[in-house]
Amino acid sequence: MKRWWIIVCVAAVAAGFLLVVWADSVPTRPAIYGGAEMSPLTQAYQLWGWNVPRYYYYLFVHLFAGYPWVVRVAYAIIILCCIGFLVLVVVMTVDVIIRRRDRKKYEKIRNKYLEKLKSVCYAEVENLPTEEISRRIDYKPRRWKDWEMRLWANVFIEVSRFTNTQNPNLTNIQRAMRLVGFTDYVEHQLANGSRLSKLQMIHTVRLTNMQLPNSLVTRLVNDKDIQLRRASRLYYMCTSKDDPYVFFEEESKLGISFSQWDMMELHEIFRQVDDGGRPAPLFVPILQRVQNNGIIGFMIQEIAYWGSDQEMRYVMDYFESDDFSLRRAAFVSMGVRRFAESEKAMERVFYKQTEANRRVILNSLLAIGSGRALPFYCDTYHGSVSDFTRRTALQCLWKSGLKGQAVFNSLKAEAAPEALILFKHVESPIINSDAI
């Protein structure tokens, strides 16, 4: 945002400069006394300040005074387009210059410090002194500008790929960020920056695993802006050890909707927590208290990745939920987890499902891969009214190993001529997909 304000200001100054240069083309000579615009004894003028645009305005008005209003409007549009084009050229030129400057500076910082910062992350000593870190990365103290700090953010994000919130060497990279001044810059932006700047910084903080003061985090997680509050709480879940999922237990906060991007971020946070050896949240209380079915469906599928077997058994209760989207999420969860205990239950409720959910059940049974569902696939092929579902059953047979392919071939030998297209579809490696 600041960059665009700078560009607009530069463009305005440039436009004013061009206007003044244009005005200087009019023959002028110094005024005899201050405030005189025209001498009665000569045709020379002296224009300054707002007299310059006023001069050209009156020139335009009187020059085209005898023309119809359509012509005047057309000429006005042409003149405005010319001025707008000049301003646009200046804006684009300044933007290109700034981008080239940033790219050159970023490459310089990256080439000089990235590998050295990686070595700090891999250091055998867990708590290197700041002076030792400065020596290892050959850092010369200086005061970095705001735009340079934004470039440092990209470098530290790349370095942080080699760290984890539970990594003991996290202390080293934290001290490196404070050595450069990046930590102070981020804290200042989060405390005094604009809403957009705060939102960008909190995402940067989470990507760099930076440790923020508790006082600052407390203020951010209760901010009045919904997006900033949500991003701060995601950061809190990723870094806190005392009670990381406290906000999930607040019933009033669980009613908010999650976008697809929020769900992706939350899944990534659960992955980081799992990689760090920390427990996942207790999903069952969340499912019991949340009112938004979109969030419930998302949590049901997250249980497949991070939940316990006991929680997976709880998810099986959703097989006969009033909401068919929750049924679908439960069936998908069983396939992702490959939860063999759910096979019989899914086969038992199969006849209660829509055709779309039946195909999800078939694919989940295939993912579980116990080999006990071959007769069920055959029954589905014979009993389904949807060719799409029948084809999915044949796909499951075809992908179930040698035994499944033997059953597939026996069904093909008995199939009517009009049904052979389903078998050819499954046998083709090009079009063998449920999406077709």
Side-chain angles (χ1 to χ4, degrees), residues 267 271 274 297-298 300-321 324-436:
H267 178 81
R271 185 195 64 79
D274 183 73
F298 167 71
I300 286 174
Q301 295 188 54
E302 289 300 292
I303 291 176
Y305 294 97
W306 326 113
S308 63
D309 288 347
Q310 186 174 1
E311 289 174 317
M312 290 297 296
R313 297 186 187 100
Y314 179 84
V315 170
M316 292 169 60
D317 294 340
Y318 286 92
F319 288 174
E320 300 185 64
S321 171
F324 280 83
S325 65
L326 299 185
R327 296 188 186 190
R328 177 185 177 86
F331 298 142
V332 171
S333 181
M334 299 301 150
V336 172
R337 183 63 169 261
R338 298 180 178 178
F339 196 60
E341 294 181 29
S342 65
E343 278 187 300
K344 294 298 181 182
M346 286 193 290
E347 293 176 7
R348 186 173 60 252
V349 300
F350 184 81
Y351 75 97
K352 299 181 180 180
Q353 309 304 322
T354 62
E355 290 295 335
N357 279 355
R358 289 184 178 189
R359 291 191 287 271
V360 173
I361 290 177
L362 292 173
N363 286 316
S364 294
L365 293 173
L366 176 64
I368 293 172
S370 65
R372 295 177 297 186
L374 298 183
F376 181 74
Y377 298 149
C378 292
D379 294 340
T380 302
Y381 168 75
H382 288 297
S384 179
V385 297
S386 168
D387 281 352
F388 199 169
T389 305
R390 296 177 68 198
R391 192 175 71 214
T392 302
L394 292 176
Q395 284 178 345
C396 293
L397 285 172
W398 183 256
K399 297 177 181 178
S400 295
L402 296 178
K403 291 184 179 180
Q405 292 182 8
V407 176
F408 176 90
N409 290 328
S410 66
L411 291 175
K412 181 180 179 182
E414 302 171 356
E418 61 272 13
L420 290 177
I421 185 64
L422 299 178
F423 294 87
K424 293 180 180 179
H425 187 116
V426 172
E427 290 175 317
S428 172
I430 299 177
I431 62 174
N432 186 7
S433 171
D434 272 347
I436 300 176

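Numbers here simply count residues along the sequence, with the first being 1.
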Tell me the closest heavy-atom pair linking [X] and [Y], and the distance in Å.
X: Ser364; Y: Phe331; answer: OG-O, 2.6 Å
X: Phe324; Y: Lys352; answer: CE2-O, 4.0 Å
X: His267; Y: Trp306; answer: CE1-CZ2, 3.6 Å
X: Cys396; Y: Leu366; answer: O-CD1, 3.7 Å
X: Glu355; Y: Ser386; answer: OE1-CB, 3.5 Å
X: Phe408; Y: Val426; answer: CE1-CG1, 3.8 Å

| message | Checking side-chain contact (heavy atoms from CB on, under 4.5 Å) between Ser333 and each of Glu311, Met316, Glu302, Met312, which is the one that passes? | response |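 It is Met312; the other options fail the test.
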Practice item. Only counting residues at least two apart or in another chain, list the ones meeting ring pair (Phe, Tyr, Trp, His ring centres under 6.0 Å) with Phe376. Key: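 With sequence neighbours excluded, Phe376 shows a ring pair (Phe, Tyr, Trp, His ring centres under 6.0 Å) to Phe350, given in chain and number order.
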If the condition is ring pair (Phe, Tyr, Trp, His ring centres under 6.0 Å), which residues does Phe339 pass it with, not counting sequence neighbours?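 Applying ring pair (Phe, Tyr, Trp, His ring centres under 6.0 Å) to Phe339 gives none.
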ask   = Do Arg337 and Asp309 pass the side chain to side chain contact (heavy atoms under 4.5 Å, CB included) test, and can you show the C-alpha distance, the side-chain angles, and the key distance before you say yes or no?
value = CA-CA 9 Å; Arg337 183 63 169 261; Asp309 288 347; 2.9 Å; yes
Going from [atom1] on [X] to [atom2] on [Y], what distance comes out if it is rounded to the nearest 0.5 angstrom?
X: Leu394; Y: Thr380; atom1: CG; atom2: OG1; answer: 10.0 Å
X: Ile303; Y: Gln310; atom1: CD1; atom2: CD; answer: 11.0 Å
X: Gln353; Y: Leu362; atom1: CD; atom2: CG; answer: 11.0 Å

Q.
Tell me whether Arg390 is salt-bridged to Asp387, with the criterion being a basic N under 4.0 Å from an acidic carboxylate O.
A.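 Between Asp387 and Arg390 there is a salt bridge, with a charged N closer than 4.0 Å to a carboxylate O.
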(message) Using a 6.0 Å cut-off, check whether atom CZ of Arg313 has over 12 heavy atoms from anything other than its own residue.
(response)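 Yes, the 6.0 Å shell around CZ holds more than 12 heavy atoms from other groups.
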message = Within a 6.0 Å radius of atom CZ on Arg328, are there more than 12 heavy atoms belonging to other residues, nucleotides or ligands?
response =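 No, because the 6.0 Å sphere around CZ of Arg328 holds 12 heavy atoms or fewer from other groups.
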Answer yes or no: is there a donor N or O on one side and an acceptor on the other, between the side chain of [X] and the main chain of [Y], under 3.5 Å?
X: Arg358; Y: Tyr351; result: yes
X: Ser428; Y: Lys424; result: no
X: Ser410; Y: Val407; result: yes
X: Asn409; Y: Gln405; result: yes
X: Tyr377; Y: Gly404; result: no

Is the closest side-chain heavy-atom distance between [X] and [Y] below 4.5 Å?
X: Met334; Y: Val315; result: yes
X: Ile361; Y: Glu347; result: no
X: Leu374; Y: Lys403; result: yes
X: Leu411; Y: Phe423; result: yes

**Message:** Run the salt bridge (Lys or Arg N to Asp or Glu O under 4.0 Å) test against Asp379 and tell me which residues pass, sequence neighbours left out.
**Reply:**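 By the salt bridge (Lys or Arg N to Asp or Glu O under 4.0 Å) rule, Asp379 matches no residue at all.
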* Check the pair Ile368, Met346 against side chain to side chain contact (heavy atoms under 4.5 Å, CB included), reporting the backbone distance first and the verdict last. => CA-CA 12 Å; Ile368 293 172; Met346 286 193 290; 3.9 Å; yes
task: Validate the cation-pi geometry between Arg359 and Phe388: distance from NZ or CZ to the six-membered ring centre under 6.0 Å, angle to the ring axis within 45°.
output: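 Yes, a cation-pi geometry.
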